[in-house]
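Notes to accompany the following structure.
Chain A is the first sequence line, chain B the second, and so forth, proteins listed ahead of strands; every chain is numbered from 1.
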Number of protein chains: 2
Amino acid sequence: MPQLPEQRLPVELFLDLDRGGPVPLYYQVASRLERAIRDQTLPAGARLENEVALAARLGLSRPTIRRAIQDLVDQGLLVRRRGIGTQVVHGKVTRNVELTSLFEDLERSGQKPETSVLSIEQVVADEHVAEGLGVERGSPVLHISRLRSADGVPLAILDNVLPEAFVDLDRADLERHGLYQLLRARGVTMRVAKQRIGARAATTKEAGLLDLPRSAPVLTMSRTAFDNSGVAVEFGQHCYRPDRYSFEVTLVDR
Amino acid sequence: MPQLPEQRLPVELFLDLDRGGPVPLYYQVASRLERAIRDQTLPAGARLENEVALAARLGLSRPTIRRAIQDLVDQGLLVRRRGIGTQVVHGKVTRNVELTSLFEDLERSGQKPETSVLSIEQVVADEHVAEGLGVERGSPVLHISRLRSADGVPLAILDNVLPEAFVDLDRADLERHGLYQLLRARGVTMRVAKQRIGARAATTKEAGLLDLPRSAPVLTMSRTAFDNSGVAVEFGQHCYRPDRYSFEVTLVDR
DNA sequence: TAGTGGTCTAGACCACAGA
DNA sequence: CTGTGGTCTAGACCACTAT
């Protein structure tokens, strides 16, 4: 028994596990562990019970427990060392940036996102769009330009291009909902997004829209998102007011 | 048999698998699949053989194959749908940003990173540092400030704070190696990093060092990195020339 | 030596998509 | 209906760390 911080037995209050239900067991276990960590029930540095014992005590198989723990490791909440054990990472627990849209990020953090559609038109894909969206040059696509505000303050300019299947998207819908919400409503599920984050000076037009001085710095993000069939469904060029928005990323070694 | 792109049987050239060796089987399989995808041997949209068949053909168990495939899904190279199969994602394959340092990023991309140490001194942790590094306020820490260039062009200003254990780090070492290389040489392995990426105007001093106009935009990143025991080992505030550097991030829905 | 996570096997049943 | 991935089990052996 190493003299590390301390060994902890997470309480027997895993006993509301729903074995027959639709929610995977590993997910239920991971959720309860995550809650305990965010609660500080398991404080930073605390050692977890070992996998085999935990599995036995919960009446689950080791792979199931292992999967639950691994999910938390991938979220940057736990760290494992062979021969030592599993410990809670020090440092503030930050919620991971999932595959969400700005709209949902804002809603979740209690702000009121508002959208004004600057332009929406069907165009043909130029070189740049064709490459980003993975369609033929000259294909019909929908170009949307929006100004996103939160609590009345302009936050970002969102330029998006969508493939032919979505050219009938409606201006009114876009003013009321996030783009990802609308796509989900059409049965599209985002699976993968590849993003590039950078910075540059705002153009005069951008500065005006974002209520910034001329040539002020803006944070930029360009993204291509793919659905669960691996096809690109969205290509976007966004620019954000850097005093109001930044990106949080957690990297984990695998 | 759905009429999707096409079913593909990855060639029998998995037959150099080293079963007794130290390299995990799932890793060997994943590597070969990854190579096939980057080769375009498995082109965008191609369907993979199903898990069970692939496992049987390679003489491996299904969980092993599954793990290999899941690793590629997590890298954003593959997409899976229940009842359908596994397909290669469309769009350019980008190498993932691992838990690496700028120094290694540059080296890997064939550039010559150079470092000049602007200052290196032992100080006591103020409020900000104490929080970022997870140490007591007033603890002795090492503050390092470096200018990183590539191929002779200034690229970034790197401000880092390290805990007491590293106060003896040497200026000469820092000019020759990346910080992460030096830490690894001391037996420290980075496991988790939490980063925040933003933008702002350069200070006068930064603009001078980076050879930028006054108040030009810079890309900023602040990061806390944790080792495999979950303890913070590095807290950094970096700023980059945005015309020479940007961050690439791949998000995957789990 | 004892305890830990890392890997691997050989099955099983289920949920979902398509023809 | 068949075929696919998603989940789960109950073991096994190994590699690494500490004492």
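When side chains are defined from C-beta on, B:Asp159 does not count as touching B:Ile144, because their heavy atoms never get closer than 4.5 Å.
Put simply, CD1 on A:Ile69 is 12 Å from P on C:dT4, counting in whole angstrom units. In this structure, A:Asn228 places its CG atom 13 Å from C1' of D:dG5, rounding to the nearest Å. The CD atom of B:Glu51 sits 6 Å away from the P atom of D:dG6 (whole-angstrom rounding). A straight line from CD1 of A:Ile65 to P of C:dG6 spans 15 Å, rounded to a whole angstrom. Going from atom CD of B:Gln70 over to atom C1' of C:dC8 covers 17 Å, rounded to whole Å. Rounded to a whole Å, the CG atom of B:Leu58 is 15 Å from the C1' atom of C:dT9. To the nearest angstrom, C1' of D:dG5 lies 16 Å from CG of B:Leu72. Straight-line distance from the CZ atom of A:Arg81 to the C1' atom of D:dC16: 12 Å, rounded to whole Å.
When distances run from any side-chain atom of A:Ile84 to the nucleotides C:dT7, D:dT17, D:dT9, the shortest one goes to D:dT17. Checked against D:dT9, D:dT4, C:dT4, the side chain of A:Arg19 finds its nearest nucleotide in D:dT9. Distance from the side chain of B:Arg80 is smallest to D:dG5 among C:dC8, D:dG5, D:dT9. Counting only heavy atoms from C-beta on, A:Arg67 has its side chain closest to D:dT7 among C:dC16, C:dT9, D:dT7. Comparing D:dG6, D:dT9, C:dC8 by their closest approach to the side chain of B:Thr64 singles out C:dC8. Nearest nucleotide to the side chain of A:Arg66, out of D:dT9, C:dT7, C:dT4: C:dT7.
Checking B:Gln70 against B:Asp74 by side-chain atom types alone, a donor-acceptor pair falls below 3.5 Å.
Across all strands shown, B:Arg62 has heavy atoms under 4.0 Å from base atoms, whether or not it also approaches the sugar-phosphate.
The distance from the CG atom of A:Asn160 to the CZ atom of A:Phe166 is 12.0 Å, given to the nearest 0.5 Å.
For B:Thr115, the side-chain contact (heavy atoms from CB on, under 4.5 Å) partners at least two apart in sequence or on another chain are B:Phe103, B:Arg146, B:Arg148.
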Throw together a table of side-chain donor-acceptor distances under 3.5 angstrom for residues 183-192 of chain B, partners on residues two or more places apart or in other chains.
from, atom 1, to, atom 2, distance (Å)
B:Arg184, NH2, B:Glu104, OE2, 2.2
B:Arg186, NH1, B:Asp168, OD1, 3.2
B:Arg186, NH2, B:Asp168, OD1, 3.3
B:Arg186, NH2, B:Asp168, OD2, 3.1
B:Thr189, OG1, B:Asn228, ND2, 2.9
B:Arg191, NH1, A:Arg80, O, 3.2

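Residue A:Ser61 places none of its side-chain N or O atoms closer than 4.0 Å to OP1 or OP2 of D:dG11. A:Asn50 has no side-chain polar atom (N or O) that falls below the 4.0 Å cut-off from OP1 or OP2 of C:dG3.
B:Ala232 and B:Thr224 get closest at one heavy-atom pair: CB-CG2, 4.0 Å.
Without hydrogens or angle criteria, B:Ser139 side chain to B:Ala125 main chain gives no donor-acceptor distance under 3.5 Å.
In the region residues 22-29 of chain A, proximity to DNA chain C at under 4.0 angstrom, judged on heavy atoms, holds for none of the residues.
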